[in-house]
Amino acid sequence: MTGPINLETLCELARLPLPEPESARGELQDELQRTLDFFGEIAAIETSGVEPLIQPLDVDPAPQPGTTHTSLMGNASLRDDVVVHGMDPSVATANAAETDGQYFLVPRVLK
Amino acid sequence: MDNAQVRVARVRVIVGLEVHVQLGTRTKLFCGCSTRFGNPPNSQVCPVCCGMPGAMPRLNSHALELAVRTTAALGGTIGSPVVWDRKQYFYPDLPKGYQISQLSNPVCQGGEVPFDIGEANQPVEMMTARIDHAHLEEDAGKSLHTGGNLPAGRSGVDLNRAGTPLMEIVTRPDFSSGRQARMFLAELRAMLVWAGISDGNMQEGNLRCDANVNLEIVGPENTFRTPIVEIKNLNSFRAVENAIDYEVRRQQVQSETTGSGATGKQTRGWNEQQGETFVQRDKESMADYRYMPEPDLPPAEIPASMIETCRPEPNLIPERFRERLRRDYGMGPYDSRVLVGHSREAAIYFCAVADACGDARMASNWIQQDVMAWLAEQNVGFEQYPVPADELARLLTMVADGHLNQARARDVLAEMVRTGDPAAQAVSRLGIVAVGESEIVRVCQQILKDNPAVAAEIQAGNLKATGPLIARVRKALPDANPVLIRQCLLKQIGE
Amino acid sequence: MMADFAGRTLVDLSGDVRSGKILAADWVRFCLARIAESNDTLTAFLAVDDQAAIQNAEAVDARIRRGDKVGPLAGVPVAIKDNISTAGILTTCASRMLERYRPAFDATVVERLKAADAIVLGKTNMDEFAMGSTSSSSAFGPVRNPWDRERTPGGSSGGSAAAVAAGMAAAAIGSDTGGSIRQPAAWCGISGIKPTWGRVSRHGLVAYANSLDQIGPMARSAGDLATILSMISGSDQHDATCQQKPELVPSGLLNVNTRELRIGWLPSQFENGAAGDANLPVRKAIDEIGGECRGMVELHSRYQSVLCGVYYIIAMSQASSNLGRFDGVRFTARFADNADPGDASDQLDAMYRQTRGTGFGREVRRRILLGTFALSAGAYDQFFSQASKVRRLVRDELLDMFRDVDVILSPVTVGPPPKLGEKVDRLRSYRADSFTVAANLAGLPAMSVPCGMTDEGLPVGIQMIAAPWREDLLLSLGQRWQQMTDWHLRRPS
Ligand SMILES: [Mg+2]
Ligand SMILES: [Zn+2]
């Protein structure tokens with residue numbers, strides 16, 4: 001019911017290694033395929049004209065009373081443009097796998 | 001010899017732009033970190049913009065307001081409610097593995113930007129670029145590949161810029177040369193800066209441009225289009241123009257050899273030194289960004305009334321202002337381009353001076369020569385010019401009325417700039433006393449009497465001989481207006 | 001004198017702490033002793049900060065002695081699921097990927113517990129990145145069920161459930177994406193509530209599937225849940241989806257007149273052995289509760305058979321996106337041999353692949369691949385988009401049901417907890433979530449409370465679901481049920 005998946009493409013997109021040894025790939029591929037076929041059963045539900053539901057919000061947090069309509073300030077889900085100190089570089093990089101205390105270091109990327 | 005070029009009948013250049021504009025907010029799009037440029041690496045970061053696990057975005061209301069303002073300035077329709085999509089790819093300077101952007105319902109839909117493509121001193125030639133859409137998104141961080149104290153074989157990632165609010169403005173493919181694209185970009189930049197949307201500082205990367213370029217080649221046998229090439233990261237007006245023109249030539253040459261069977265879509269970079277574009281990525285076969293609606297940000301409704309209150313006053317759109325200078329102030333295309341092209345403050349200052357002194361031409365000359373020269377020398381803007389418009393207007397009125405000559409007026413202006421004094425005060429501080437007409441008449445009579453031979457020469461028609469006499473009168477009366485002296489001398493000789 | 005710390009509710013005990021009858025430090029020491037005794041076998045905790053816990057408890061006692069004001073959770077020892085950020089304390093999500101990650105910040109829920117003077121004992125084990133329902137995909141060993149150590153406690157908040165059931169903590173904080181609080185609560189014989197989506201700030205919760213995730217308390221009684229929930233709820237400057245709603249005091253959450261409630265249930269959930277024999281106590285409890293309330297309504301759903309598919313597509317899609325940030329650069333472990341050949345960009349890619357291939361466990365990698373597929377260009381419409389549309393239909397159907405009923409009762413699980421190491425077919429285990437995922441899809445509050453025992457002496461839970469923001473109905477009904485019965489007082493031996 002679902003077109004065959006391309007394990008290599010998926011691993012490339014997700015930056016995951018292909019299973020080793022090669023024989024394990026077919027097994028994973030089959031297993032994923034079976035799961036997707038199960039998921040694919042949702043196609044049976046008629047959904048034309050139905051809007052996707054992304055968040056189960058009951059109301060969209062609208063501007064709160066007392067705010068003017070010319071400004072978005074005071075909208076509950078928004079933030080005022082006020083600077084808040086975050087972290088010092090030493091804190092930001094404290095958990096990094098490789099750092100010089102200033103930068104996060106990665107294998108050299110040429111551009 | 002059968003030359004392929006001979007067979008090509010006509011080439012149509014098709015160029016569209018994607019412009020990333022940094023919005024002029026104090027803080028980032030989804031967190032309270034500062035957007036200031038040039039601070040030490042990773043000193044303006046927090047869990048949100050570092051993409052730390054569990055940190056959640058919260059939308060900056062000012063960024064949203066500036067997006068609405070952009071929409072109003074471009075004449076687009078608001079896409080409300082504002083919703084977000086994640087654009088997913090891996091890169092070390094993209095902290096979350098996705099960029100929060102807008103795909104399905106961009107905040108600005110449609111719109112257009114009229115702009116002038118006339119050469120500096122040529123007549124106005126208007127053109128309109130259509131805007132496809134403009135959307136809000138967050139910027140990525142920066143990768144440092146060389147320099148600093150980076151260990152060998154390592155790149156450094158600085159996330160200070162990560163999360164900075166951008167508007168990505170996407171045009172329709174309406175340009176047919178690098179020059180048109182450059183002129184559009186300059187107009188767009190001015191419009192956004194005038195409307196207080198962006199600082200437009202290109203050195204700091206506030207405005208970055210990608211250009212999509214291809215050609216439609218109408219040959220005798222068939223018509224085809226070359227594959228679209230996206231040139232990334234054009235960070236100056238010059239780069240935009242040169243890169244597009246280079247790419248047009250390159251595609252033309254290539255199409256002559258390969259014909260319509262060219263390669264697929266390409267991403268290219270621009271090498272400023274070599275003046276060439278170069279391949280960055282061939283055929284975007286792997287570019288599947290797997291956009292997904294952002295679940296952590298609720299839709300933000302934009303009140304319908306907001307678009308009206310955000311619409312810039314017509315006066316504050318550069319092209320409208322140029323039009324006004326031409327129509328209401330009698331300025332030519334050149335002067336209106338220079339005044340408006342300098343800055344919004346320059347244009348407003350000019351109008352104030354011209355209105356107050358009643359002589360637009362004179363105001364324009366003084367502002368373009370004296371005022372702008374001083375500002376350029378000091379490297380500051382009009383808002384820091386020490387002489388208010390009405391005081392400059394007073395000074396110019398004295399000149400127009402013949403109370404001051406140009407040279408002395410320059411001295412007075414220099415004094416006004418130095419001290420911040422009003423014109424009248426500077427005049428008296430310099431000991432300049434207005435020279436009355438009777439005084440000039442008296443001195444002229446004396447000089448003519450002392451130089452009868454010269455007077456006779458002038459009477460005989462040699463007007464050039466007036467010069468030395470004027471100089472003598474001015475020696476006696478340094479503050480007298482030379483034009484008046486000349487008139488007075490000629491009148492007396494005529495009698 | 002050692003008080004009966006394991007046998008009484010935290011509301012009781014914290015009252016005694018505040019009045020000086022018992023010491024917070026003793027309560028904490030009691031829990032730490034239990035942890036020392038059983039954690040080796042149960043692996044409920046991944047990290048315990050005993051010194052800080054004792055110090056903090058002694059500080060609370062000192063303040064009480066001085067007559068200073070203390071918070072409503074004064075001295076209450078709580079455990080935190082390891083996917084919730086604790087400043088400076090390991091937060092691993094039970095993954096090698098984060099084996100050394102110490103967050104720079106406290107989750108809002110942790111901040112609020114501390115502000116209420118609760119004592120954080122440590123971090124609890126779970127399924128890696130909350131992906132599972134047995135707590136055995138942890139990189140640090142499976143959690144065992146205190147009722148039967150050969151069995152799973154459920155998951156993914158299995159460590160939190162086991163800790164409360166075994167008396168290692170008075171309460172615990174869990175997270176629930178598709179049943180991860182309710183299902184382990186049911187299998188461990190405790191009470192747990194998944195609040196309305198947006199009730200409790202998710203700031204600091206390492207996201208699995210943001211639009212389904214919700215943090216909630218796990219404890220021994222509905223009354224205890226109400227006390228904790230009231231302390232951790234409410235809008236938060238860090239979470240734009242979190243909302244302020246009025247009924248936030250425990251008394252408000254517990255004072256509904258349950259006789260007025262209309263009870264709904266779905267007969268189909270008990271047909272064809274859908275719920276298994278293990279759920280006979282649930283069927284019985286529905287009648288008993290119905291008899292205490294205003295009436296019972298039989299409900300029918302059109303979407304029961306596709307709930308799991310919809311749920312897993314959305315969860316895995318969001319997971320594939322959320323887990324992109326675990327890349328070996330900023331805060332995760334990095335697994336890469338530097339000798340990797342090839343040009344520069346190959347080296348970066350190799351680092352990504354090796355880090356993600358090694359740092360993530362099997363099930364996590366699998367779900368990332370499936371989510372990646374569901375969002376990919378050719379599959380988006382058929383999978384993510386279709387699932388999100390059915391999600392709306394599911395929610396609308398449920399909201400419709402709440403016009404006729406106040407609380408829906410249902411099983412939590414399809415059967416008793418499986419034995420550890422028992423081979424379970426993946427698709428079957430995905431389908432086993434069919435009773436719990438609807439509440440997450442619709443964002444509804446849902447609670448599990450003990451309602452009986454299987455023949456083998458394993459606890460069984462009943463689920464109660466209400467309309468958005470009506471946790472008060474669930475907690476009041478749960479408390480009423482716990483006045484009628486003593487299932488919640490049973491303890492594993
Ligand atoms: Mg973009
Ligand atoms: Zn930040």
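More than 12 heavy atoms of other residues, nucleotides or ligands shown are found within 6.0 angstrom of CD on Glu20(A). By the neighbour-count criterion of 12 heavy atoms within 6.0 Å, atom CG of Asp30(A) is densely surrounded, having more than that number from other residues, nucleotides or ligands.
Looking at Pro151(B), only its side chain comes within 4.5 Å of chain A, counting heavy atoms on both sides. For a residue to count as touching a neighbouring chain, one of its non-hydrogen atoms must lie under 4.5 Å from one of that chain's; by this rule Leu66(B) does not touch chain A. Interface residue Val82(A): only backbone heavy atoms are found under 4.5 Å from chain B. Looking at Tyr89(B), there are no atoms closer than 4.5 Å to chain A (heavy atoms on both sides), in backbone or side chain. With a threshold of 4.5 angstrom between heavy atoms, Glu294(B) approaches chain A through N, CA, C or O but not through any side-chain atom. Neither the backbone nor the side chain of Asn160(B) comes within contact range of chain A, judged by heavy atoms closer than 4.5 Å.
Contact of the Asp80(A) side chain with the Ser61(B) side chain is registered, since non-hydrogen atoms from C-beta on lie closer than 4.5 Å. A heavy-atom distance below 4.5 Å is not found between the side chains of Gln55(A) and Pro293(B). Between Asp288(B) and Leu13(A), some side-chain heavy-atom pair lies under the 4.5 Å cut-off. Taking 4.5 Å as the limit, some side-chain heavy atom of Arg154(B) sits within range of a side-chain heavy atom of Pro107(A). Looking only at side-chain heavy atoms (C-beta outward), Met292(B) and Ile54(A) stay at 4.5 Å or farther from each other. Side-chain contact between Arg36(B) and Val83(A) is absent, with no heavy atoms from C-beta onward closer than 4.5 Å.
One N or O on the side chain of His145(B) and one on the backbone of Val109(A) form a donor-acceptor pair closer than 3.5 Å. Not one N or O on the side chain of Gln88(B) forms a donor-acceptor pair closer than 3.5 Å with the backbone of Ala14(A). Between the side chain of Arg79(A) and the backbone N or O of Cys31(B) there is at least one donor-acceptor pair closer than 3.5 Å.
Interface check for chain A: of the options Gly156(B), Cys46(B), Pro41(B), the most heavy-atom pairs under 4.5 Å are formed by Pro41(B). Taking Val83(B), Leu150(B), Leu144(B), Thr35(B) one by one and counting their heavy-atom pairs under 4.5 Å with chain A, the maximum is reached by Leu144(B). Each of Thr25(B), Leu59(B), Asn60(B) has some count of heavy-atom pairs under 4.5 Å with chain A, and the biggest count is that of Asn60(B). Of the residues considered (Thr99(A), Asp100(A), Val106(A), Leu105(A)), Val106(A) shows the highest number of contacts with chain B, using heavy-atom pairs under 4.5 Å.
Across all their heavy atoms, Asp158(B) and Tyr103(A) have their closest contact at CB-CE2, 3.8 Å.
Summarising the geometry, atom CG belonging to Asn42(B) is positioned 4.5 Å from atom CZ belonging to Phe104(A); distances are rounded to the nearest 0.5 Å.
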Kindly determine whether Leu78(A) and Leu64(B) satisfy side-chain contact (heavy atoms from CB on, under 4.5 Å), including the steps that lead there. CA-CA 9 Å; Leu78(A) 304 185; Leu64(B) 190 51; 4.1 Å; yes

Show me the donor-acceptor pairs within less than 3.5 Å that the side chains of residues 87-97 of chain A make with the rest of the protein, sequence neighbours left out.
residue: Asp88(A); atom: OD1; partner: His85(A); partner atom: NE2; Å: 3.3
residue: Thr93(A); atom: OG1; partner: Pro89(A); partner atom: O; Å: 2.8
residue: Asn95(A); atom: OD1; partner: Arg102(C); partner atom: N; Å: 3.0
residue: Asn95(A); atom: ND2; partner: Arg102(C); partner atom: O; Å: 2.9

